[in-house]
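Here's the structure, in C-alpha coordinates; my notes come after.
Small disclaimer: the values here were computed from a predicted structure and weren't measured. Proteins come first, then strands; the chains are lettered A, B, ... in the order of their sequence lines, and each starts at number 1. Only heavy atoms go into these numbers, but all of them, side chains included; no hydrogens, no water, no symmetry mates.
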2 protein chains.
Amino acid sequence: MNILIIDDEEQMRRLLTITLEASSYAVFEAGTGKDGITQAAMQRPDAIVLDMSLPDMPGVEVLRSVRSWSSVPVIVLSVRGSEADKVMLLDAGADDYVTKPFSPQELLARLRVALRHAATKGVESPLVCLGTLEIDLAAHMVKKHGAVVKLTATEYKILSFLVRHEGRVLTYSQILREVWGNQYADSTHYVHVHVAALRRKIEDNPAEPALILTESGVGYRLQGR
Amino acid sequence: MNILIIDDEEQMRRLLTITLEASSYAVFEAGTGKDGITQAAMQRPDAIVLDMSLPDMPGVEVLRSVRSWSSVPVIVLSVRGSEADKVMLLDAGADDYVTKPFSPQELLARLRVALRHAATKGVESPLVCLGTLEIDLAAHMVKKHGAVVKLTATEYKILSFLVRHEGRVLTYSQILREVWGNQYADSTHYVHVHVAALRRKIEDNPAEPALILTESGVGYRLQGR
DNA sequence: CCTTCCTTTCAAAAAAACATGAAAACATTT
DNA sequence: AAATGTTTTCATGTTTTTTTGAAAGGAAGG
(Lines give C-alpha, C1' and ligand atoms only; values in the text may rest on other atoms or scores of the structure.)
Protein backbone atom coordinates (compact mmCIF):
# COMPACT_ATOMS: atom_id res chain seq x y z
CA MET A 1 0.00 0.00 0.00
CA ASN A 2 1.37 3.39 -1.06
CA ILE A 3 0.57 6.53 0.89
CA LEU A 4 1.30 10.07 -0.28
CA ILE A 5 1.97 12.71 2.37
CA ILE A 6 1.46 16.33 1.38
CA ASP A 7 2.78 18.62 4.12
CA ASP A 8 5.14 21.56 4.08
CA GLU A 9 6.67 20.96 7.49
CA GLU A 10 9.72 18.79 7.15
CA GLN A 11 9.38 17.58 10.72
CA MET A 12 5.77 16.51 10.36
CA ARG A 13 6.55 14.64 7.16
CA ARG A 14 9.35 12.85 8.97
CA LEU A 15 7.07 11.83 11.81
CA LEU A 16 4.35 10.61 9.46
CA THR A 17 6.77 8.73 7.28
CA ILE A 18 8.26 6.91 10.23
CA THR A 19 4.83 6.06 11.61
CA LEU A 20 3.53 4.79 8.30
CA GLU A 21 6.62 2.89 7.34
CA ALA A 22 6.58 1.18 10.71
CA SER A 23 3.19 -0.21 9.67
CA SER A 24 4.76 -1.29 6.39
CA TYR A 25 3.18 1.23 4.10
CA ALA A 26 5.30 2.67 1.32
CA VAL A 27 5.47 6.45 1.61
CA PHE A 28 5.91 9.28 -0.88
CA GLU A 29 6.35 12.85 0.25
CA ALA A 30 5.45 16.22 -1.21
CA GLY A 31 6.22 19.60 0.37
CA THR A 32 3.96 21.79 -1.75
CA GLY A 33 0.46 21.56 -3.12
CA LYS A 34 1.66 21.62 -6.68
CA ASP A 35 4.14 18.84 -6.07
CA GLY A 36 1.44 16.93 -4.21
CA ILE A 37 -0.95 17.03 -7.14
CA THR A 38 1.81 15.94 -9.52
CA GLN A 39 2.82 13.05 -7.31
CA ALA A 40 -0.77 11.97 -6.77
CA ALA A 41 -1.07 11.70 -10.54
CA MET A 42 2.30 10.03 -11.05
CA GLN A 43 2.45 7.61 -8.14
CA ARG A 44 -1.23 6.70 -7.93
CA PRO A 45 -1.12 6.26 -4.15
CA ASP A 46 -3.72 4.15 -2.36
CA ALA A 47 -4.43 7.01 0.06
CA ILE A 48 -3.33 10.60 0.64
CA VAL A 49 -2.63 12.39 3.91
CA LEU A 50 -3.07 16.08 3.18
CA ASP A 51 -2.07 18.93 5.48
CA MET A 52 -4.13 22.09 5.07
CA SER A 53 -1.38 24.64 5.59
CA LEU A 54 0.63 24.67 2.40
CA PRO A 55 2.90 27.47 1.19
CA ASP A 56 1.82 27.69 -2.43
CA MET A 57 -1.93 27.07 -2.48
CA PRO A 58 -4.86 26.40 -0.13
CA GLY A 59 -5.15 22.77 0.87
CA VAL A 60 -8.73 22.62 -0.27
CA GLU A 61 -7.59 23.41 -3.81
CA VAL A 62 -5.30 20.41 -3.75
CA LEU A 63 -8.23 18.32 -2.59
CA ARG A 64 -10.51 19.61 -5.32
CA SER A 65 -7.87 19.10 -7.96
CA VAL A 66 -7.27 15.50 -6.94
CA ARG A 67 -11.00 14.83 -6.62
CA SER A 68 -11.58 16.03 -10.15
CA TRP A 69 -9.99 12.89 -11.53
CA SER A 70 -9.58 10.40 -8.69
CA SER A 71 -11.55 8.96 -5.81
CA VAL A 72 -8.47 8.00 -3.83
CA PRO A 73 -9.13 8.32 -0.07
CA VAL A 74 -7.87 11.64 1.32
CA ILE A 75 -7.39 12.23 5.02
CA VAL A 76 -7.11 15.90 5.89
CA LEU A 77 -4.76 17.06 8.62
CA SER A 78 -5.20 20.46 10.17
CA VAL A 79 -4.70 22.58 13.25
CA ARG A 80 -7.95 23.21 15.05
CA GLY A 81 -10.02 24.94 12.37
CA SER A 82 -13.55 26.25 12.57
CA GLU A 83 -16.55 23.99 12.31
CA ALA A 84 -17.38 25.53 8.99
CA ASP A 85 -13.94 24.66 7.64
CA LYS A 86 -14.29 21.06 8.67
CA VAL A 87 -17.70 20.77 7.09
CA MET A 88 -16.53 22.47 3.91
CA LEU A 89 -13.56 20.12 3.56
CA LEU A 90 -15.57 16.99 4.17
CA ASP A 91 -18.11 18.14 1.60
CA ALA A 92 -15.30 18.95 -0.82
CA GLY A 93 -14.48 15.26 -0.84
CA ALA A 94 -12.22 14.62 2.13
CA ASP A 95 -12.74 11.18 3.63
CA ASP A 96 -11.75 12.13 7.14
CA TYR A 97 -10.52 15.07 9.15
CA VAL A 98 -7.94 14.80 11.90
CA THR A 99 -6.99 17.79 14.06
CA LYS A 100 -3.40 18.39 15.09
CA PRO A 101 -1.99 17.37 17.42
CA PHE A 102 -3.12 13.82 16.80
CA SER A 103 -2.00 10.41 17.95
CA PRO A 104 -0.23 8.29 15.34
CA GLN A 105 -2.35 5.33 16.37
CA GLU A 106 -5.53 7.18 15.60
CA LEU A 107 -4.27 8.33 12.24
CA LEU A 108 -3.35 4.77 11.40
CA ALA A 109 -6.78 3.52 12.43
CA ARG A 110 -8.51 6.15 10.32
CA LEU A 111 -6.25 5.30 7.44
CA ARG A 112 -7.27 1.67 7.75
CA VAL A 113 -10.92 2.72 7.62
CA ALA A 114 -10.29 4.76 4.48
CA LEU A 115 -8.43 1.92 2.80
CA ARG A 116 -11.14 -0.53 3.82
CA HIS A 117 -13.69 1.63 2.04
CA ALA A 118 -11.57 1.87 -1.06
CA ALA A 119 -11.10 -1.89 -1.07
CA THR A 120 -14.77 -2.82 -0.75
CA LYS A 121 -15.80 -0.15 -3.20
CA GLY A 122 -13.85 -1.85 -5.95
CA VAL A 123 -16.71 -4.30 -6.46
CA GLU A 124 -16.35 -3.50 -10.11
CA SER A 125 -13.44 -5.90 -10.32
CA PRO A 126 -11.02 -5.21 -13.12
CA LEU A 127 -12.29 -7.21 -16.06
CA VAL A 128 -9.88 -7.92 -18.84
CA CYS A 129 -11.69 -8.49 -22.11
CA LEU A 130 -10.00 -10.10 -25.08
CA GLY A 131 -12.38 -10.63 -27.92
CA THR A 132 -14.98 -13.03 -26.64
CA LEU A 133 -12.98 -13.86 -23.53
CA GLU A 134 -13.39 -12.18 -20.14
CA ILE A 135 -10.89 -12.57 -17.35
CA ASP A 136 -11.64 -11.43 -13.81
CA LEU A 137 -8.34 -11.70 -12.02
CA ALA A 138 -9.80 -10.73 -8.64
CA ALA A 139 -12.54 -13.34 -8.75
CA HIS A 140 -10.21 -15.93 -10.24
CA MET A 141 -12.71 -16.48 -12.98
CA VAL A 142 -12.61 -16.79 -16.75
CA LYS A 143 -15.58 -16.59 -19.08
CA LYS A 144 -15.93 -17.41 -22.73
CA HIS A 145 -18.98 -16.18 -24.59
CA GLY A 146 -20.35 -15.40 -21.14
CA ALA A 147 -20.01 -18.98 -19.90
CA VAL A 148 -17.61 -19.87 -17.12
CA VAL A 149 -14.58 -21.78 -18.33
CA LYS A 150 -13.10 -24.25 -15.91
CA LEU A 151 -9.33 -23.92 -15.78
CA THR A 152 -6.92 -25.95 -13.72
CA ALA A 153 -4.63 -24.14 -11.31
CA THR A 154 -1.69 -24.37 -13.70
CA GLU A 155 -3.68 -23.19 -16.69
CA TYR A 156 -4.97 -20.25 -14.70
CA LYS A 157 -1.49 -19.30 -13.56
CA ILE A 158 -0.21 -19.28 -17.11
CA LEU A 159 -3.14 -17.27 -18.41
CA SER A 160 -2.95 -14.78 -15.60
CA PHE A 161 0.78 -14.31 -16.23
CA LEU A 162 0.11 -13.71 -19.91
CA VAL A 163 -2.69 -11.28 -19.11
CA ARG A 164 -0.51 -9.29 -16.79
CA HIS A 165 1.96 -8.87 -19.64
CA GLU A 166 -0.54 -8.64 -22.45
CA GLY A 167 1.07 -7.96 -25.81
CA ARG A 168 4.57 -8.84 -24.66
CA VAL A 169 6.41 -11.99 -25.63
CA LEU A 170 7.03 -14.16 -22.60
CA THR A 171 9.84 -16.67 -22.93
CA TYR A 172 9.54 -20.28 -21.91
CA SER A 173 11.89 -19.73 -19.05
CA GLN A 174 9.96 -16.72 -17.80
CA ILE A 175 6.74 -18.69 -17.81
CA LEU A 176 8.35 -21.71 -16.19
CA ARG A 177 9.90 -19.61 -13.46
CA GLU A 178 6.63 -17.83 -12.75
CA VAL A 179 4.40 -20.90 -12.74
CA TRP A 180 6.61 -23.79 -11.66
CA GLY A 181 9.50 -22.03 -9.94
CA ASN A 182 13.14 -21.41 -10.67
CA GLN A 183 14.36 -24.97 -10.81
CA TYR A 184 12.02 -25.84 -13.68
CA ALA A 185 13.38 -23.16 -16.02
CA ASP A 186 14.39 -25.72 -18.68
CA SER A 187 11.30 -27.94 -18.81
CA THR A 188 10.05 -26.30 -21.96
CA HIS A 189 7.79 -29.20 -22.69
CA TYR A 190 5.57 -28.41 -19.69
CA VAL A 191 4.70 -25.10 -21.23
CA HIS A 192 3.85 -26.64 -24.57
CA VAL A 193 1.51 -29.17 -23.05
CA HIS A 194 -0.29 -26.77 -20.77
CA VAL A 195 -0.59 -23.98 -23.29
CA ALA A 196 -2.14 -26.50 -25.66
CA ALA A 197 -4.68 -27.42 -22.98
CA LEU A 198 -5.37 -23.77 -22.34
CA ARG A 199 -5.93 -23.07 -26.01
CA ARG A 200 -8.38 -25.94 -26.24
CA LYS A 201 -10.46 -24.21 -23.58
CA ILE A 202 -10.26 -20.55 -24.50
CA GLU A 203 -9.59 -20.30 -28.22
CA ASP A 204 -12.47 -20.26 -30.67
CA ASN A 205 -10.44 -22.41 -32.99
CA PRO A 206 -7.52 -24.01 -31.14
CA ALA A 207 -5.91 -24.98 -34.42
CA GLU A 208 -5.55 -21.32 -35.33
CA PRO A 209 -4.91 -19.53 -32.08
CA ALA A 210 -6.06 -15.93 -32.06
CA LEU A 211 -5.33 -15.13 -28.42
CA ILE A 212 -2.23 -17.02 -27.38
CA LEU A 213 0.22 -16.66 -30.22
CA THR A 214 3.30 -18.80 -30.69
CA GLU A 215 6.61 -17.00 -31.00
CA SER A 216 8.68 -19.77 -32.45
CA GLY A 217 11.87 -20.51 -30.58
CA VAL A 218 11.06 -17.93 -27.90
CA GLY A 219 7.76 -18.43 -26.15
CA TYR A 220 4.19 -17.13 -26.27
CA ARG A 221 2.43 -13.80 -26.51
CA LEU A 222 -1.09 -12.88 -25.53
CA GLN A 223 -2.74 -10.90 -28.29
CA GLY A 224 -3.69 -7.44 -27.14
CA ARG A 225 -6.82 -5.97 -28.74
CA MET B 1 -32.36 8.38 3.37
CA ASN B 2 -33.11 6.56 6.60
CA ILE B 3 -30.91 6.96 9.63
CA LEU B 4 -31.08 4.83 12.76
CA ILE B 5 -30.09 6.44 16.04
CA ILE B 6 -29.06 4.12 18.86
CA ASP B 7 -28.69 6.10 22.08
CA ASP B 8 -30.11 5.65 25.55
CA GLU B 9 -30.41 9.34 26.42
CA GLU B 10 -33.83 10.59 25.46
CA GLN B 11 -32.52 14.13 25.20
CA MET B 12 -29.69 13.25 22.85
CA ARG B 13 -32.03 11.29 20.64
CA ARG B 14 -34.34 14.26 20.47
CA LEU B 15 -31.50 16.59 19.47
CA LEU B 16 -30.21 14.21 16.83
CA THR B 17 -33.64 13.56 15.43
CA ILE B 18 -34.38 17.24 15.06
CA THR B 19 -31.02 17.89 13.44
CA LEU B 20 -31.35 15.05 11.01
CA GLU B 21 -34.95 15.66 10.14
CA ALA B 22 -34.12 19.28 9.43
CA SER B 23 -31.79 17.95 6.75
CA SER B 24 -34.65 15.80 5.52
CA TYR B 25 -33.44 12.43 6.62
CA ALA B 26 -35.98 9.97 7.96
CA VAL B 27 -35.07 8.92 11.48
CA PHE B 28 -35.63 5.76 13.52
CA GLU B 29 -34.75 5.61 17.18
CA ALA B 30 -33.62 2.87 19.52
CA GLY B 31 -32.89 3.27 23.22
CA THR B 32 -31.08 0.00 23.84
CA GLY B 33 -28.48 -2.06 22.05
CA LYS B 34 -30.83 -4.96 21.61
CA ASP B 35 -33.53 -2.78 20.15
CA GLY B 36 -30.90 -1.12 17.95
CA ILE B 37 -29.79 -4.41 16.46
CA THR B 38 -33.39 -5.45 15.84
CA GLN B 39 -34.25 -2.17 14.17
CA ALA B 40 -31.09 -2.23 12.07
CA ALA B 41 -32.23 -5.60 10.73
CA MET B 42 -35.86 -4.57 10.32
CA GLN B 43 -35.57 -1.05 8.95
CA ARG B 44 -32.45 -1.45 6.88
CA PRO B 45 -31.28 2.12 7.52
CA ASP B 46 -28.83 3.78 5.16
CA ALA B 47 -26.62 4.75 8.08
CA ILE B 48 -26.48 4.26 11.84
CA VAL B 49 -25.47 6.74 14.54
CA LEU B 50 -24.42 4.65 17.50
CA ASP B 51 -23.77 5.95 20.99
CA MET B 52 -21.29 3.93 22.99
CA SER B 53 -22.93 4.20 26.38
CA LEU B 54 -25.88 1.85 26.30
CA PRO B 55 -27.67 0.36 29.28
CA ASP B 56 -27.93 -3.24 28.17
CA MET B 57 -24.72 -4.06 26.32
CA PRO B 58 -21.40 -2.51 25.28
CA GLY B 59 -21.70 -0.37 22.16
CA VAL B 60 -18.93 -2.29 20.47
CA GLU B 61 -21.01 -5.45 20.67
CA VAL B 62 -23.80 -3.72 18.80
CA LEU B 63 -21.28 -2.69 16.18
CA ARG B 64 -19.90 -6.19 15.81
CA SER B 65 -23.33 -7.70 15.60
CA VAL B 66 -24.41 -5.35 12.84
CA ARG B 67 -21.11 -5.80 11.02
CA SER B 68 -21.57 -9.55 10.96
CA TRP B 69 -24.22 -9.21 8.31
CA SER B 70 -24.19 -5.68 6.98
CA SER B 71 -21.78 -3.06 5.80
CA VAL B 72 -24.09 -0.14 6.54
CA PRO B 73 -22.09 2.94 7.57
CA VAL B 74 -21.89 3.32 11.34
CA ILE B 75 -20.85 6.56 13.00
CA VAL B 76 -19.86 6.09 16.59
CA LEU B 77 -20.69 8.74 19.16
CA SER B 78 -18.90 8.83 22.45
CA VAL B 79 -17.70 10.98 25.29
CA ARG B 80 -13.96 11.50 25.08
CA GLY B 81 -12.66 7.93 25.21
CA SER B 82 -9.08 6.74 25.22
CA GLU B 83 -7.04 6.52 22.04
CA ALA B 84 -7.08 2.77 22.30
CA ASP B 85 -10.87 2.76 22.42
CA LYS B 86 -11.09 4.88 19.32
CA VAL B 87 -8.68 2.69 17.42
CA MET B 88 -10.44 -0.47 18.57
CA LEU B 89 -13.83 0.82 17.42
CA LEU B 90 -12.59 1.96 14.05
CA ASP B 91 -10.95 -1.43 13.50
CA ALA B 92 -14.13 -3.16 14.62
CA GLY B 93 -15.85 -1.63 11.62
CA ALA B 94 -16.94 1.85 12.63
CA ASP B 95 -16.80 4.31 9.76
CA ASP B 96 -16.20 7.38 11.86
CA TYR B 97 -15.83 8.45 15.45
CA VAL B 98 -17.25 11.68 16.84
CA THR B 99 -16.59 12.81 20.40
CA LYS B 100 -19.31 14.45 22.47
CA PRO B 101 -19.98 17.27 22.66
CA PHE B 102 -20.07 17.71 18.91
CA SER B 103 -21.48 20.25 16.53
CA PRO B 104 -24.56 19.13 14.61
CA GLN B 105 -23.03 20.54 11.45
CA GLU B 106 -19.97 18.36 11.79
CA LEU B 107 -22.03 15.27 12.43
CA LEU B 108 -24.07 16.02 9.34
CA ALA B 109 -20.95 16.50 7.27
CA ARG B 110 -19.48 13.22 8.48
CA LEU B 111 -22.77 11.52 7.79
CA ARG B 112 -22.67 12.84 4.23
CA VAL B 113 -19.17 11.40 3.83
CA ALA B 114 -20.35 8.03 5.12
CA LEU B 115 -23.36 8.00 2.82
CA ARG B 116 -21.19 9.05 -0.10
CA HIS B 117 -19.03 5.99 0.52
CA ALA B 118 -22.00 3.71 0.79
CA ALA B 119 -23.52 5.11 -2.38
CA THR B 120 -20.59 4.00 -4.47
CA LYS B 121 -20.91 0.51 -3.07
CA GLY B 122 -23.43 -1.98 -4.30
CA VAL B 123 -26.64 -2.74 -2.45
CA GLU B 124 -26.74 -5.73 -0.22
CA SER B 125 -29.73 -7.92 0.00
CA PRO B 126 -31.03 -8.91 3.40
CA LEU B 127 -31.85 -12.41 2.32
CA VAL B 128 -29.71 -14.40 -0.04
CA CYS B 129 -31.50 -17.03 -2.07
CA LEU B 130 -29.60 -19.69 -3.95
CA GLY B 131 -31.84 -22.20 -5.60
CA THR B 132 -33.72 -23.92 -2.82
CA LEU B 133 -31.51 -22.44 -0.12
CA GLU B 134 -32.20 -19.23 1.80
CA ILE B 135 -29.60 -17.52 3.92
CA ASP B 136 -30.52 -14.72 6.29
CA LEU B 137 -27.25 -13.28 7.48
CA ALA B 138 -28.95 -10.89 9.90
CA ALA B 139 -30.89 -13.63 11.63
CA HIS B 140 -28.05 -16.17 11.40
CA MET B 141 -30.52 -18.50 9.83
CA VAL B 142 -30.34 -20.90 6.95
CA LYS B 143 -33.34 -22.59 5.38
CA LYS B 144 -33.53 -25.40 2.91
CA HIS B 145 -36.83 -26.05 1.13
CA GLY B 146 -38.28 -23.72 3.73
CA ALA B 147 -37.08 -25.81 6.67
CA VAL B 148 -34.47 -24.48 9.07
CA VAL B 149 -31.10 -26.15 8.72
CA LYS B 150 -29.02 -26.42 11.85
CA LEU B 151 -25.42 -25.47 11.19
CA THR B 152 -22.54 -25.56 13.63
CA ALA B 153 -20.62 -22.35 14.31
CA THR B 154 -17.80 -23.34 11.97
CA GLU B 155 -20.12 -24.36 9.19
CA TYR B 156 -22.01 -21.11 9.47
CA LYS B 157 -18.82 -19.06 9.37
CA ILE B 158 -17.70 -20.78 6.21
CA LEU B 159 -21.07 -20.42 4.52
CA SER B 160 -21.42 -16.79 5.51
CA PHE B 161 -17.95 -16.03 4.16
CA LEU B 162 -18.83 -17.72 0.89
CA VAL B 163 -22.13 -15.88 0.70
CA ARG B 164 -20.49 -12.53 1.22
CA HIS B 165 -18.26 -13.29 -1.75
CA GLU B 166 -20.78 -15.15 -3.83
CA GLY B 167 -19.46 -16.09 -7.23
CA ARG B 168 -15.84 -15.50 -6.35
CA VAL B 169 -13.28 -18.19 -5.78
CA LEU B 170 -12.09 -18.17 -2.19
CA THR B 171 -8.77 -19.84 -1.60
CA TYR B 172 -8.13 -22.30 1.21
CA SER B 173 -5.92 -19.83 2.92
CA GLN B 174 -8.52 -17.06 2.72
CA ILE B 175 -11.13 -19.33 4.24
CA LEU B 176 -8.78 -20.57 6.92
CA ARG B 177 -7.74 -17.08 7.85
CA GLU B 178 -11.32 -15.89 8.04
CA VAL B 179 -12.70 -18.80 10.00
CA TRP B 180 -9.80 -20.13 12.06
CA GLY B 181 -7.36 -17.22 12.08
CA ASN B 182 -4.00 -16.42 10.57
CA GLN B 183 -1.94 -19.18 12.11
CA TYR B 184 -4.08 -21.90 10.56
CA ALA B 185 -3.48 -20.76 6.99
CA ASP B 186 -1.98 -24.11 5.95
CA SER B 187 -4.42 -26.57 7.52
CA THR B 188 -6.18 -27.25 4.26
CA HIS B 189 -7.79 -30.44 5.50
CA TYR B 190 -9.91 -28.51 8.03
CA VAL B 191 -11.65 -26.87 5.13
CA HIS B 192 -12.20 -30.18 3.36
CA VAL B 193 -13.81 -31.77 6.37
CA HIS B 194 -16.09 -28.89 7.22
CA VAL B 195 -17.11 -28.15 3.66
CA ALA B 196 -18.06 -31.81 3.31
CA ALA B 197 -20.23 -31.48 6.41
CA LEU B 198 -21.75 -28.29 5.08
CA ARG B 199 -22.56 -29.89 1.77
CA ARG B 200 -24.25 -32.79 3.48
CA LYS B 201 -26.62 -30.29 5.05
CA ILE B 202 -27.29 -27.81 2.28
CA GLU B 203 -26.79 -29.56 -1.05
CA ASP B 204 -29.63 -31.42 -2.68
CA ASN B 205 -27.20 -34.06 -3.79
CA PRO B 206 -23.95 -33.78 -1.85
CA ALA B 207 -22.22 -36.09 -4.30
CA GLU B 208 -22.78 -33.55 -7.06
CA PRO B 209 -22.50 -30.18 -5.39
CA ALA B 210 -24.49 -27.44 -7.12
CA LEU B 211 -23.91 -24.65 -4.62
CA ILE B 212 -20.44 -25.00 -3.19
CA LEU B 213 -18.20 -25.78 -6.12
CA THR B 214 -14.66 -26.99 -5.68
CA GLU B 215 -11.94 -25.25 -7.60
CA SER B 216 -9.26 -27.86 -7.59
CA GLY B 217 -5.92 -26.64 -6.37
CA VAL B 218 -7.39 -23.30 -5.31
CA GLY B 219 -10.39 -23.43 -3.03
CA TYR B 220 -14.17 -23.19 -3.21
CA ARG B 221 -16.71 -20.98 -4.88
CA LEU B 222 -20.34 -20.41 -4.04
CA GLN B 223 -22.41 -20.66 -7.16
CA GLY B 224 -24.02 -17.33 -8.00
CA ARG B 225 -27.22 -17.56 -10.01
C1' DC C 1 12.10 -33.78 -51.65
C1' DC C 2 14.35 -34.64 -47.53
C1' DT C 3 16.14 -33.24 -43.09
C1' DT C 4 16.00 -30.80 -38.99
C1' DC C 5 14.10 -28.33 -35.49
C1' DC C 6 10.41 -26.97 -33.05
C1' DT C 7 5.59 -27.21 -31.85
C1' DT C 8 1.31 -29.62 -31.17
C1' DT C 9 -1.44 -33.55 -29.91
C1' DC C 10 -2.54 -37.66 -27.54
C1' DA C 11 -2.79 -40.91 -23.93
C1' DA C 12 -1.09 -43.55 -20.06
C1' DA C 13 1.34 -43.35 -15.59
C1' DA C 14 2.23 -40.88 -11.57
C1' DA C 15 1.25 -37.56 -8.35
C1' DA C 16 -1.54 -34.45 -6.06
C1' DA C 17 -5.71 -32.99 -4.35
C1' DC C 18 -10.38 -34.01 -2.71
C1' DA C 19 -14.38 -36.38 -0.23
C1' DT C 20 -15.82 -38.85 3.44
C1' DG C 21 -16.43 -41.92 7.42
C1' DA C 22 -15.14 -42.71 11.97
C1' DA C 23 -12.54 -42.33 16.19
C1' DA C 24 -10.42 -39.30 19.50
C1' DA C 25 -10.23 -35.03 21.76
C1' DC C 26 -12.47 -31.16 23.40
C1' DA C 27 -16.16 -28.18 25.20
C1' DT C 28 -20.61 -27.43 27.18
C1' DT C 29 -24.61 -28.47 29.62
C1' DT C 30 -27.14 -30.79 32.98
C1' DA D 1 -19.54 -37.04 36.19
C1' DA D 2 -22.45 -38.22 32.33
C1' DA D 3 -24.48 -36.81 28.20
C1' DT D 4 -24.42 -34.23 24.18
C1' DG D 5 -22.65 -31.85 20.45
C1' DT D 6 -18.63 -30.04 18.03
C1' DT D 7 -14.03 -29.94 16.28
C1' DT D 8 -9.79 -32.19 15.25
C1' DT D 9 -7.27 -35.98 13.59
C1' DC D 10 -6.56 -39.94 10.91
C1' DA D 11 -7.26 -43.34 7.29
C1' DT D 12 -9.04 -44.62 2.95
C1' DG D 13 -10.94 -44.56 -1.64
C1' DT D 14 -11.88 -41.51 -5.47
C1' DT D 15 -11.26 -37.91 -8.63
C1' DT D 16 -8.63 -34.52 -10.90
C1' DT D 17 -4.46 -32.69 -12.41
C1' DT D 18 0.24 -32.97 -13.75
C1' DT D 19 3.91 -35.25 -15.73
C1' DT D 20 5.88 -38.03 -19.05
C1' DG D 21 6.92 -40.18 -23.39
C1' DA D 22 5.82 -41.03 -28.02
C1' DA D 23 4.16 -39.67 -32.31
C1' DA D 24 2.42 -36.45 -35.66
C1' DG D 25 2.41 -31.89 -37.93
C1' DG D 26 4.72 -27.83 -40.09
C1' DA D 27 7.90 -24.47 -41.38
C1' DA D 28 12.74 -23.39 -43.05
C1' DG D 29 16.90 -24.62 -45.24
C1' DG D 30 19.57 -27.49 -47.97
Quiz item: What pairs with A:Tyr97 under ring pair (Phe, Tyr, Trp, His ring centres under 6.0 Å), at least two apart in sequence or on another chain?
Solution: none
Practice problem: Taking ring pair (Phe, Tyr, Trp, His ring centres under 6.0 Å) as the test, write out the residues that go with B:His165, two or more places apart. | Solution: B:Phe161
Quiz item: Can you pull the salt bridge (charged side-chain N to carboxylate O under 4.0 Å, His left out) pairs that have at least one residue in residues 152-164 of chain A, sequence neighbours excluded?
Solution: A:Glu155-A:Lys201, A:Arg164-A:Glu178
Quiz prompt | Pairs satisfying salt bridge (charged side-chain N to carboxylate O under 4.0 Å, His left out), at least one member in residues 184-197 of chain B, at least two apart | solution = none
Using whole Å, report how far [atom1] of [X] lies from [atom2] of [N].
X        : N      : atom1 : atom2 : value
A:Lys157 : C:dA16 : NZ    : P     : 13 Å
A:Leu198 : C:dT8  : CG    : P     : 12 Å
A:Tyr172 : C:dC6  : OH    : C1'   : 7 Å
B:His192 : D:dT7  : NE2   : C1'   : 17 Å
B:Asn205 : C:dA19 : CG    : C1'   : 13 Å

Can you name the residues that form a salt bridge (Lys or Arg N to Asp or Glu O under 4.0 Å) with [X], not counting sequence neighbours?
X        : answer
B:Asp204 : B:Lys144
A:Arg67  : A:Asp95
B:Asp56  : none
B:Asp51  : B:Lys100

Quiz prompt | Crowding at OH, A:Tyr25 (>12 non-hydrogen neighbours, <6.0 Å) | solution = yes
Exercise. Scan A:Arg200 against the nucleic acid and name what it touches under 4.0 Å (heavy atoms): base, sugar-phosphate only, or nothing.
Key: nothing
Quiz prompt | Relative orientation of the end axes in the helix from C:dC1-D:dG30 to C:dT30-D:dA1, expressed as an angle to the nearest 10° (five pairs per end) | solution = 30°
Quiz item: According to the side chain to side chain donor-acceptor pair (under 3.5 Å) rule, which pairs have a member within residues 205-219 of chain B, sequence neighbours left out?
Solution: B:Glu215-B:Arg221
Quiz item: In terms of side-chain heavy atoms of B:Tyr220, which of C:dT7, C:dC18, C:dA19 is nearest?
Solution: C:dA19
Exercise. Using a 4.0 Å cut-off on protein heavy atoms (strictly under), produce a 5'-to-3' string for nucleotides 10-30 of chain D with B for base contact, S for backbone-only sugar-phosphate contact, and - for none.
Key: ------SSSBBBB--------
Quiz item: Can you give one letter per nucleotide of nucleotides 23-30 of chain C, going 5' to 3': B for a protein heavy atom under 4.0 Å from the base, S for sugar-phosphate only, - for none?
Solution: --------
Quiz item: Mind checking whether A:Val142 and A:Glu134 have side chains closer than 4.5 Å, heavy atoms only?
Solution: no
